[in-house]
Participant: 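Below is one structure. I have some questions about it.
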There are 2 protein chains.
Amino acid sequence: MANAELDAIDMKILTHMQRDASLTTAELAEKVGISQSPCWRRVQRLHDEGYIKSQVVLVDRQKLGFDMHIFAQVKIARLSEEERETFFRGIQNIPEVLECYTVFGEMDALLKIVAPDVKWYQEFIFNTLMKLPGVEDIRSIVTLSEAKSTTAIPLKPRTFQ
Amino acid sequence: MANAELDAIDMKILTHMQRDASLTTAELAEKVGISQSPCWRRVQRLHDEGYIKSQVVLVDRQKLGFDMHIFAQVKIARLSEEERETFFRGIQNIPEVLECYTVFGEMDALLKIVAPDVKWYQEFIFNTLMKLPGVEDIRSIVTLSEAKSTTAIPLKPRTFQ
DNA sequence: TATGAAAAGATAATCCC
DNA sequence: GGGATTATCTTTTCATA
């Protein structure tokens, strides 16, 4: 039971804060139907218990020159544990790689990358990605447009009847 | 020139705020080497000019019961513009779909989905995804673990020599 | 044990230089 | 951009239920 500790009000708080964390506790309190003081304590608790991991600003990537997302499926050579470490440590230091997952199946890693354009990405592959240890093959999924983008996680897994 | 208007201090501010937006303007000011009031004005300007789009909390998805990410490549039938609209509008209302991209090539859309487990995801496919108009085929990339995860966009596209 | 009102402390926002 | 001031919000305290 992942979140038996969260009641309906906690969930409302998380819903609002996942959309807009710049609300004052008084504003938030009003939205969720309690008063300021208990609302503040709940927000504290959500931090302390680790439900809220961090508070960040989301920036306009296109204004910064990154017009597209590209997903790269990477095949990695059979490597020692040490070499794999080096690969994943290397990923951490490439700022254009926003996310990295290990995956099941034919390929070994999936990278979400921001890029200014395809030409830049081609250079990025040879200049940066291919230089990582063990990279054997890269298959890219080039995106054209972003139809949905949120960081808000649902508060409870649905059950299907 | 996407961000000719941003100087080195603006970039430092964005770097810090993309990591931790709970810093006070005084703390932030000290980190970037200016005093509180010009720092506050810069942050305001970054909001006003749209560099900062929003401020949110990031929650622990695993504590909420979503242990894995799955990427679904969806093939969509040749549809009228109206039907495509319906598809993409439908996506907006599925909270487990965090991101949706249109893509080039064999498949038409790429969805980033959070799921409690693979069994849940199988039900989700038939109960939810397949019910969207025009969905012809779904290929899923199931992830095992998350090796990197950030919302921080680089502040300037690199150039390769 | 939880709540709400209110005081105390810290920070955001404004003003003037 | 900086320093000082005011307005606002956060955080703590305390009385109450």
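Just so you know, these numbers come straight off a predicted model, no measurement behind them. To find a chain, count down the sequence lines: A is the first, B the second, and so on, and within it residues start at 1.
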Participant: Can you list the other members of the hydrophobic cluster that holds B:Leu58, where links are side-chain heavy atoms under 4.5 angstrom apart?
Facilitator: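 In the cluster with B:Leu58 are A:Val56, A:Leu58, B:Val56.
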Participant: Tell me who clusters with B:Leu144, hydrophobic residues only, linked when side chains sit under 4.5 Å apart either directly or through other members.
Facilitator: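 Members other than B:Leu144 - counting any ILVMFWY side chain reachable under 4.5 Å - are A:Phe104.
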Participant: Could you tell me the separation between the CH2 atom of A:Trp40 and the C1' atom of D:dT11, rounded to a whole number of Å?
Facilitator: 5 Å
Participant: If we fit an axis to the first five pairs and another to the last five of the helix from C:dT1-D:dA17 to C:dC17-D:dG1, what angle do they make, to the nearest 10°?
Facilitator: 20°
Participant: Can you give me every donor-acceptor pair (side chain of residues 29-41 of chain A, partner residue at least two apart or in another chain, under 3.5 Å) with its distance?
Facilitator:
{"residue": "A:Gln36", "atom": "NE2", "partner": "A:Thr25", "partner atom": "OG1", "Å": "3.4"}

Participant: For DNA chain C, what residues of residues 14-23 of chain B have any heavy atom nearer than 4.0 Å?
Facilitator: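 DNA chain C contact set from residues 14-23 of chain B: none.
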Participant: Taking only residues two or more places apart in sequence or in another chain, which ones pass side-chain contact (heavy atoms from CB on, under 4.5 Å) with B:Ser80?
Facilitator: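 Residues passing side-chain contact (heavy atoms from CB on, under 4.5 Å) with B:Ser80: B:Glu82, B:Glu83.
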Participant: What is the 5' to 3' range of DNA chain C, first to last nucleotide, that sits under 4.0 Å from any heavy atom of chain A?
Facilitator: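 Endpoints of the contacted stretch of DNA chain C: C:dT3 to C:dA5.
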Participant: For B:Ile76, is there any backbone N or O sitting under 3.5 Å from a side-chain donor or acceptor partner on B:Asp108?
Facilitator: yes
Participant: Between the side chain of B:Ser22 and the main-chain N/O of A:Gln55, is any donor-acceptor distance below 3.5 Å?
Facilitator: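 Flag not set: sc B:Ser22 to bb A:Gln55 has no pair under 3.5 Å.
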Participant: Mind listing the closest non-hydrogen atom pair of B:Leu64 and A:Pro154 along with its distance?
Facilitator: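 What the structure gives for the nearest pair is CD1-O, 3.7 Å.
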Participant: Are B:Phe124 and B:Ile94 close enough, and set up right, to give a side-chain contact (heavy atoms from CB on, under 4.5 Å), and what steps lead you there?
Facilitator: CA-CA 10 Å; B:Phe124 175 78; B:Ile94 305 176; 3.6 Å; yes
Participant: Classify the ring geometry of A:Phe71 against B:Tyr101: parallel below 30°, tilted from 30° to 60°, perpendicular beyond 60°.
Facilitator: perpendicular
Participant: Can you sort out the partners of B:Arg45 under side-chain contact (heavy atoms from CB on, under 4.5 Å), two or more places apart, ordered by chain and number?
Facilitator: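 Listed in chain order: B:Asp10, B:Arg42, B:Glu49.
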Participant: Are any side-chain N or O atoms of B:Lys53 and backbone N or O atoms of A:Asp60, one a donor and one an acceptor, separated by less than 3.5 Å?
Facilitator: no
Participant: Under 3.5 Å between N/O atoms: give me all the protein pairs with nucleotides 7-9 of chain D, atom names plus distance.
Facilitator:
none

Participant: Remember a base hit wins even if backbone is also touched, and classify A:Arg42 as base, sugar-phosphate or nothing at under 4.0 Å, heavy atoms.
Facilitator: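 Counting heavy atoms under 4.0 Å across all strands, no contact is made by A:Arg42.
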Participant: What pairs of nitrogen or oxygen atoms, one from the protein and one from nucleotides 3-6 of chain D, lie under 3.5 Å apart?
Facilitator:
{"residue": "D:dG3", "atom": "O6", "partner": "B:Ser37", "partner atom": "OG", "Å": "2.3"}

Participant: For A:Ala115, check side-chain contact (heavy atoms from CB on, under 4.5 Å) against everything at least two apart and list the hits.
Facilitator: A:Met68, A:Ile70, A:Trp120, A:Tyr121
Participant: Look at the side chain of B:Lys63 and the backbone N and O of A:Gly50, then say whether any donor-acceptor pair between them is shorter than 3.5 Å.
Facilitator: no
Participant: To the nearest 0.5 angstrom, please state how far the OG1 atom of A:Thr15 sits from the CG atom of A:Leu155.
Facilitator: 4.0 Å
Participant: List in chain and number order the residues that pass ring-ring contact (aromatic ring centres under 6.0 Å, His included) with B:Phe87, two or more places apart in sequence or in another chain; answer none if no residue qualifies.
Facilitator: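 Partners of B:Phe87 by the ring-ring contact (aromatic ring centres under 6.0 Å, His included) criterion come out as none, since no residue qualifies.
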